[in-house]
Participant: 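This is the structure, below, for whatever I ask next.
Heavy-atom basis, side chains included; hydrogens, waters and symmetry copies ignored. Numbers restart at 1 for each chain; the letters A, B, ... are given by sequence-line order, proteins then strands.
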Number of protein chains: 2
Amino acid sequence: MTEPKDYKIAAVDRALALLEALADRPEQGVTSLAKSLGMTKSLVFRLLHTLEERGFVSRDPERAEYSLGYRIGVLGERLGKDGALLYAARPVMDALRDKTSENVNLVIREGLKSYVLATRAGYHSIRLFAQAGRNGPLHAGGGSLLLLAYADPSVVDTVLAQPLEAFTPHTVTDRAKLRQVLERIRANGYNIVLNDLDDGAFSVAAPIRSADGAVIASISVAGAVVRFDEERRETYLKAALDAAAEISERLSIHGPGENGRVKSMA
Amino acid sequence: MTEPKDYKIAAVDRALALLEALADRPEQGVTSLAKSLGMTKSLVFRLLHTLEERGFVSRDPERAEYSLGYRIGVLGERLGKDGALLYAARPVMDALRDKTSENVNLVIREGLKSYVLATRAGYHSIRLFAQAGRNGPLHAGGGSLLLLAYADPSVVDTVLAQPLEAFTPHTVTDRAKLRQVLERIRANGYNIVLNDLDDGAFSVAAPIRSADGAVIASISVAGAVVRFDEERRETYLKAALDAAAEISERLSIHGPGENGRVKSMA
DNA sequence: CGCAATGTTTTATTCTGTGAAACATCGTTT
DNA sequence: AAACGATGTTTCACAGAATAAAACATTGCG
């Protein structure tokens with residue numbers, strides 16, 4: 001079905017793509033951006049100018065390199081209901097990272113992909129890097145599998161109907177086995193994986209639920225397998241479950257969220 | 001001077017204006033947005049579609065009303081150096097709000113205006129509302145005046161050359177007197193105002209400095225004057241100064257900021 | 001039951017976004 | 001020191017895309 005209606009307006013879409021490219025890799029110049037986006041330099045230049053005038057990007061005057069600007073941070077402070085999860089999660093993620101010294105990831109499902117909403121980098125010098133804003137598979141990775149386990153059955157079917165890439169020798173690509181894995185996740189209420197997405201990495205994931213009990217996101221502790229022993233397994237799991245519970249609770253309490261009417265500013 | 005060069009691309013600029021309108025007031029429909037922005041409905045409709053496809057806005061399927069989407073929150077997690085201030089300030093603002101139960105505002109200067117980067121709402125039922133993303137004057141308000149006091153002299157001159165609106169009977173609009181006020185702020189290293197921008201409101205502001213010592217922002221505690229006594233004056237001032245110092249320190253420590261290379265995701 | 005307001009779609013016209021290429025401004029290399 | 005190469009900036013002409021207007025659909029309200 002070649003969607004007959006396309007209301008997308010190209011110029012705007014390009015600008016958004018540019019913003020995402022800058023989020024992906026900050027401190028880029030015009031040429032670099034043009035190349036990686038397949039746009040011409042003049043176009044990128046104009047887009048950046050437009051974005052800069054509104055503070056959505058800022059440039060280092062010396063080096064003529066651009067990064068995302070403060071105005072985006074401000075918008076991020078004023079999200080609609082989509083922001084509730086981020087708000088609730090941020091301090092909890094900070095605490096979880098400090099407690100474990102490992103990477104912490106907040107992941108949601110976006111169609112048939114996983115999507116990293118936010119991350120906290122661990123304190124170890126040898127560590128994995130995850131990046132907010134990245135799409136990943138649903139059939140591998142601690143948080144992703146957990147999301148898949150709690151997703152609508154039709155989603156599971158669709159995912160299983162597609163080719164399942166093996167990211168490492170330990171990735172579960174056998175359909176029947178994968179369904180068992182999902183079953184076990186639901187039974188346990190958490191998910192622990194080793195080496196299934198990144199070789200040498202573990203991930204301990206717990207489900208975050210909305211007020212109506214639906215699983216809407218996962219929070220996970222991830223790091224290098226070499227640091228993962230029986231004791232850490234226990235403490236990380238408890239920490240992740242506690243964190244997930246706290247975020248879930250915050251979401252339920254605040255409910256629809258506060259949309260304070262504006263009266264003035266100080 | 002009618003700027004001869006205008007590299008702004010209109011479609012993109014309109015999209016950004018739309019985002020800011022949504023930040024200003026979430027949960028708006030097409031018509032409402034079109035009216036407040038002076039655009040046609042079809043245009044707003046297309047812009048929203050484009051933004052929605054990338055997750056920059058999300059819509060309540062029932063009510064067909066739009067709000068800012070999660071993707072903006074994700075970008076907000078990955079700001080360039082502009083984000084350092086927000087990162088450093090967020091937890092400190094939370095703590096300051098909890099300590100005082102009053103509104104907390106993070107304000108920067110944007111040309112000849114003040115700009116609210118972030119706010120934390122106080123816990124009192126009678127309270128002022130401030131809103132992130134709002135421009136305000138430089139010559140009134142606790143944080144604004146403090147920023148003006150530390151701004152380049154040419155900025156002060158320009159501001160004083162313009163008409164100074166009196167927001168309340170207590171707003172200082174006399175040029176000479178205003179210069180004295182700025183002088184006193186610099187001498188004190190903080191600023192406390194009553195009723196100068198909002199009648200019945202106080203504001204206790206302290207300067208946030210970058211690593212090189214320049215004042216780049218202000219953090220302020222604000223609330224209703226009826227709750228402002230000698231004791232609170234002292235505790236709020238100390239709390240604000242401490243908070244400002246801590247943010248400044250965080251900024252200096254983290255320096256250029258961490259731009260972790262991406263390897264994978266979990 | 002009908003009216004009013006809102007969201008959605010279509011279409012024609014204009015104007016704007018676009019790419020190509022020239023220009024300027026560096027920093028680097030030989 | 002001179003020439004080169006890479007990058008950011010500007011110009012310009014044209015195609016095509018953004019836009020306004022108006023028709024259509026849908027919903028809620030009186």
Participant: Counting only side-chain nitrogens and oxygens, does Y7(B) get under 4.0 Å of the OP1 or OP2 atom of dT9(D)?
Facilitator: no

Participant: E65(A) CD to dC26(C) C1': how many Å, rounded?
Facilitator: 14 Å

Participant: Angle between the two end axes of the helix from dC1(C)-dG30(D) to dT30(C)-dA1(D), five base pairs per end, rounded to 10 degrees?
Facilitator: 30°

Participant: Counting only N and O atoms by type, is there a donor-acceptor contact under 3.5 Å from the side chain of S218(B) to the main-chain atoms of L147(B)?
Facilitator: no

Participant: Only counting residues at least two apart or in another chain, list the ones meeting side chain to side chain contact (heavy atoms under 4.5 Å, CB included) with T158(B).
Facilitator: L112(B)

Participant: Which residues pass the side chain to side chain donor-acceptor pair (under 3.5 Å) test with S42(A), not counting sequence neighbours?
Facilitator: none

Participant: Rounding to a whole Å, what distance do you find between L43(A):CG and dC14(D):C1'?
Facilitator: 16 Å

Participant: Can a cation-pi geometry be assigned to R209(A) and Y150(A), taking NZ or CZ under 6.0 Å from the six-membered ring centre and within 45° of the ring axis?
Facilitator: yes

Participant: Quick one: R46(B) CZ to dA21(D) P, roughly how many Å, whole number?
Facilitator: 15 Å

Participant: According to ring pair (Phe, Tyr, Trp, His ring centres under 6.0 Å), who are the partners of F167(B), at least two apart in sequence or on a separate chain?
Facilitator: H139(B)

Participant: Toward the 5' end of DNA chain C, which comes first, M39(A) or Y66(B), by nearest nucleotide?
Facilitator: Y66(B)

Participant: Between D24(A) and R134(A), does any side-chain N to carboxylate O distance fall below 4.0 Å?
Facilitator: yes

Participant: Go through residues 9-18 of chain A and report each residue with a non-hydrogen atom lying under 4.0 Å from DNA chain D, sorted by number.
Facilitator: I9(A), A10(A), A11(A)

Participant: Can you tell me the distance, in whole Å, between the CG atom of L33(B) and the C1' atom of dG7(C)?
Facilitator: 12 Å

Participant: dT7(D) C1' sits how many Å from F45(A) CZ, rounded?
Facilitator: 12 Å

Participant: Can you check the H49(A) NE2 to dG17(C) P distance for me, whole Å?
Facilitator: 15 Å

Participant: Protein-nucleotides 20-22 of chain C N/O pairs closer than 3.5 Å?
Facilitator:
residue: dA20(C); atom: N6; partner: S42(A); partner atom: OG; Å: 3.2

